[in-house]
There are 2 protein chains.
Amino acid sequence: MAKRASHDKAECPVARTVDIIGDEWSLLILRDAFDGLRRFGEFQKNLGLAKNILATRLRHLVAHGILEHAPASDGSAFHEYVLTDKGRDLFHVLVGLRQWGEHHCFQPGEPHSVLVDAQKGQPVRPLEVHAHDGRRLDATDAVVKKVSEQKPRAKR
Amino acid sequence: MAKRASHDKAECPVARTVDIIGDEWSLLILRDAFDGLRRFGEFQKNLGLAKNILATRLRHLVAHGILEHAPASDGSAFHEYVLTDKGRDLFHVLVGLRQWGEHHCFQPGEPHSVLVDAQKGQPVRPLEVHAHDGRRLDATDAVVKKVSEQKPRAKR
DNA sequence: CCGTATCCATTCCGATACTG
DNA sequence: CAGTATCGGAATGGATACGG
């Protein structure tokens, strides 16, 4: 009865995405994956979550093609979880979360980690949203066009 | 015993952010808030979640300064929930989720809503991450610099 | 070292009834 | 319309023990 709602059929891309990665642990696992963590034990130690939960989340991410579970690239006999291309495309989401946190979740002077350009060591620029023609947009300049409002195309 | 882990003390901005908005309903509420929804009933109807849960989430978002609960701007006697500046800064996160979903969660030809420039009606550009000097970065070009690795400054 | 299996407390979610 | 109160079922999360 109290089955968790699912939005995997929604016409809204946000809903579908949130349905897949919209939970605390998955997002943190992804953060660590972008940080280069690969092994089960690394995730477990770094996140401090129970192994069964980690296993569930990893399975889920693998099932959705975000992580790949493959034999380790180095000689070791173990397997590792690495981001697929699809998973790497979540980069912007993680950067967005990070930048918002840097800006809004710390007291002035309170130390926090920073995302920097690997070459120069400089912090990355804040994300911006741009229109098709390059104009910068903020939240009030953008609207969601619903499917039903879209120009119907050839029947399919 | 099975209390949910909290990351509000983490030094990682992603962890703190995820701690606040890293759950399904909060993210969907925010999506709707960016869509212009304001009233309790609008959220409830559009999301189809129980009122008590919605109330809890809204309270939480208000407590964290992401939404503001104020009397309606129009004449009506009711209150409404509107994004604060802090909340509006989550725009990039939502755009990131949306774009990923548009790209990865739909079959070719399957219809979905689209985020467009309000002026011209054109879809917005895909997000990009840029270095301080403007070079475009992907996930492998950026690294997280931990607090402990940062150059110590004057004692504080 | 990498997971699976089990147990149990807690939390969450949905439905409904009820109040202002 | 906008919530609060309550309830039961479900899923989650944490700990631990166990097998590959």
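As the structure is a prediction and not an experimental result, all values here were calculated from the model. First the proteins, then the strands, lettered A, B, ... as listed; each starts at 1.
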With five pairs defining each end axis, the helix from dG3(C)-dC18(D) to dG20(C)-dC1(D) comes out bent, to 10°, by 30°
Using the six-membered ring wherever Trp is involved, compare the ring planes of [X] and [Y] and label them parallel, tilted or perpendicular (cut-offs 30° and 60°).
X      : Y      : answer
H60(B) : H64(B) : perpendicular
H7(A)  : W25(B) : perpendicular
Y81(A) : F43(A) : perpendicular

Here the distance between atom C1' of dA15(C) and atom CG of L54(B), to the nearest Å, is 15 Å
Rounded to whole Å, the NE2-P distance (H69(A) to dC2(C)) equals 9 Å
Quick one: is [X] getting a side-chain N or O under 4.0 Å of the [N] phosphate, OP1 or OP2?
X      : N       : value
R59(B) : dT4(D)  : yes
H60(A) : dT12(D) : no
R39(B) : dA2(D)  : yes
H79(A) : dG3(C)  : no
R57(A) : dT12(D) : no

### Message
Any carboxylate oxygen within less than 4.0 angstrom of a Lys/Arg side-chain nitrogen, looking at D85(A) and R88(A)?
### Response
yes
Considering only [options], which nucleotide approaches the side chain of [X] most closely?
X      : options                  : answer
I53(A) : dA15(C), dG13(D), dG3(D) : dG13(D)
K51(B) : dG3(D), dG14(C), dG14(D) : dG3(D)
L49(A) : dG14(D), dG14(C), dG3(C) : dG14(D)

Q) Hey, does the side-chain of N52(B) have a donor or acceptor N/O within less than 3.5 Å of a partner on the base of dG14(C)? A) yes
Heavy-atom closest pair (L127(B) atom, E128(A) atom, distance to 0.1 Å) is CD2-O, 3.3 Å
Heavy atoms of other groups near H103(A) NE2, more than 12 under 6.0 Å
no
**Item:** pair R98(B)-S113(B): side-chain heavy atoms closer than 4.5 Å
**Value:** yes
